[in-house]
Every structure is written in structure tokens, then in C-alpha cells.
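Structure first, commentary second.
Below, all heavy atoms of this structure are taken into account, side chains as well, without hydrogens, waters or symmetry copies.
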2 protein chains.
Amino acid sequence: MGSAFLLTQLGTHAAQAFARRIGELDLTPPQTGLLRAIAGAPGSSQQALAELLGTPATRLVALVDGLEQRGLVERRRNPNDRRLHAVHLTDAGTALMADIGRVARAHDDAVLAALDPDERTRLRELLGKVAADQGLTPGVHPGYKTLR
Amino acid sequence: MGSAFLLTQLGTHAAQAFARRIGELDLTPPQTGLLRAIAGAPGSSQQALAELLGTPATRLVALVDGLEQRGLVERRRNPNDRRLHAVHLTDAGTALMADIGRVARAHDDAVLAALDPDERTRLRELLGKVAADQGLTPGVHPGYKTLR
DNA sequence: TATTGTTATACTCTATAACTATA
DNA sequence: TATAGTTATAGAGTATAACAATA
């Protein structure tokens, strides 16, 4: 079995483990990714977020709906162009980002438990090299994108 | 962003790329994994295959149906216990395994294009260490398993 | 007429539960 | 009564297309 298979195998495993962990905050991985995107570019339009994540705008509506109902994000109308909805984190959303960060660090540590600090650094370098070569957007999970 | 995120990011990317490639053989990744499992343990019952892959037996029925209709596998009744269906590759199925191997090698090479042979070896060692520690079954994709 | 966001609809994949046949 | 396999049904997640508001 090739290394790329090991990569998908471990990637799926890590994704499943993260889904379980983040579920304790009542979040799904797509919701978490969207929160991260909003935190990184506050006030973006839904179109811009859809573009960044590589997903249909229609999917964003439902995702934003869910987060808005829980008071984690809010849509603000732009007075200059009333078609746009600028999406922002609320205070509760900002506070939740800290929890997400903690969960992510714990997840990272659990997945890489078998490696010592030097090995982790080496792994990070190798994966970073591959990710850059493959054209992956830093911080954006490719699970939003439709394959074709 | 932690290394585990890089891992899920790259794992998903590699899985998507593999799905595209293997689609050229008119196969889905789950079908490919099942073919591999059957090749590795010919004559297994569907229950045994379901157990190995970590998936409900009901899901196997549909998967085997699809492969059987294409003449890639066949169900053989066991005369001693007529409840069991031993699943085998046909000649066409065996031939297809060679094509799958070629696709997998090409995929591997494309994903790891950024790394030289030494780096690939090093990556393989590190990933193998993590996979063993995380209790992953060699050759079995965790995508079959239900998360809870 | 073009663009942002929304709603309605359909499709794919998978799981749960009920059913058939063999033991 | 228990087990292997199957069929029927329902649910989650996502995409496609039609629609409303604004420019």
C-alpha cells in the first residue's frame, strides 16, 4: 500500500476523531471551518465566503442560518448595497473560537501522540511541502469543494 | 493550524484525487476497497467482509450487487451451510486489480511529487508510526466505519 | 440585465429495522 | 431460537434550479 493511501487513511481517521471532539461543543466540522473563515475575514459577504471555501452559496445560507440561530454569528446589512450581508462573529462566537482552539490543540496532541517533538516538526515540514505543491489553501479544508 | 489539520486537509485532498482517478475505471473508492478486501481474503462471507471493513452488512449487499452485475465478483453458495455466500473475484475482477494497482501507484506519485525518495521514506515511516499508534487496520480505509 | 441571497427540490449515500431462508 | 443475507424505509448532507430583492 502506498504512502498516499496511508495519508487518506490517517486523514479520514483524524477527521473522524476531530468530528467527535468538536461535537462536544455542539459543532460540526463544516460549521467549525466556517467560523474559522469568518474569524479570519470578518464582515465578508456570503458570496466571498462561498468563494473562499469553494462551496455553493446555497450551502452557506444553511450553515450561516444554523450559526446565527445559536447566536454565534450575525448578518449585517450594508447600507450602500442592501443586497449584501456582511457576516460577523458575535461575542459568543468569539468566545467559542477560544474553545475551538483548545479542542484543536488537544486533538492534535492525541493524533500525534506516537511522535516526539522532533518527529512532529519533521512531519509538519513534509506535509507542508506536499500541501503547498498540491495547491491547498492554508486553513481551508477541501471537504467543501465539489469534486468533478 | 496544527499538524493534524494538515493531515485531514491532505488526506481529504488525496482521497478526492484518488476518487477522480479511480473513476476512470468506473469504480468508486468504496468499491475499490471492497475489491481489495476480497482479493486479500477470497471466499469470505459477506458478514466477515462487513466485520473487516467495519460497515453494516446491509451496505455490503449493495456494494457486492454492483460488482457482481459488472462481472467482477461472484457469490458462491456453500453446500454445507446454504446461508453463506462466499465472495470471490472473477477473472475480470482479478484483471481489474492490476489496473487498480497501476492507478494507485500513479496517484501515489502525483500526490507526493514534491518529495524526493528520501523524504518519501521518512514520511512513510512517520505516518506508519502514527497509524499503528492510532490502531488503524493496514489496508482498510476508515471511511467505512460509522462514527458515533 | 446582472448580482446577492434565499427557497424549493432532488439526488446520493448510508443506517435502521423488518423480512426470508437456512440452520 | 439464532444467523446470513436481503429488502424496505428513512435520514443526513449536498447540489441544482427557480425565485425575490436590489443594483
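- Thr8(B) has its side chain out of reach of Leu10(A): every pair of non-hydrogen atoms, C-beta onward, lies at least 4.5 Å apart.
- The environment of Glu125(B) atom CD is dense: over 12 non-hydrogen atoms of other residues, nucleotides or ligands sit within 6.0 angstrom.
- With Gln46(B) contributing its side chain and Ala57(B) its backbone, the two residues share no donor-acceptor pair below 3.5 Å.
- Ion pair Glu119(A)/Arg122(A) not flagged as a salt bridge, since none of the NZ, NE, NH1 or NH2 atoms sits closer than 4.0 Å to an Asp/Glu carboxylate oxygen.
- Between Gln16(A) atom CD and dT14(C) atom P the separation is 12 Å, expressed in whole Å.
- Salt-bridge formation is detected for the pair Asp65(B)/Arg75(B): a Lys NZ or Arg NE/NH1/NH2 atom is positioned less than 4.0 Å from an Asp or Glu carboxylate oxygen.
- Sorted by first and then second residue, the salt bridge (Lys or Arg N to Asp or Glu O under 4.0 Å) pairs involving residues 24-45 of chain B (not counting sequence neighbours) form an empty list.
- Between the axis at the start and the axis at the end of the helix from dT1(C)-dA23(D) to dA23(C)-dT1(D) there is an angle of 30°, using five pairs per end and rounding to 10 degrees.
- Taking the charged nitrogens against the carboxylate oxygens, Arg105(B) and Asp108(B) have no contact shorter than 4.0 Å, which rules out a salt bridge.
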Using a 4.0 Å cut-off on protein heavy atoms (strictly under), produce a 5'-to-3' string for nucleotides 5-11 of chain D with B for base contact, S for backbone-only sugar-phosphate contact, and - for none.
SBBB---
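- Taking the nucleotide of DNA chain D with the nearest heavy atom to each of Pro30(A) and Arg82(A), the more 5' of the two is matched to Pro30(A).
- Within 6.0 Å of CG on Asp91(B) lie no more than 12 heavy atoms contributed by other residues, nucleotides or ligands.
- Across all strands, Asn78(B) comes closer than 4.0 Å to no nucleic acid atom at all (heavy-atom distances).
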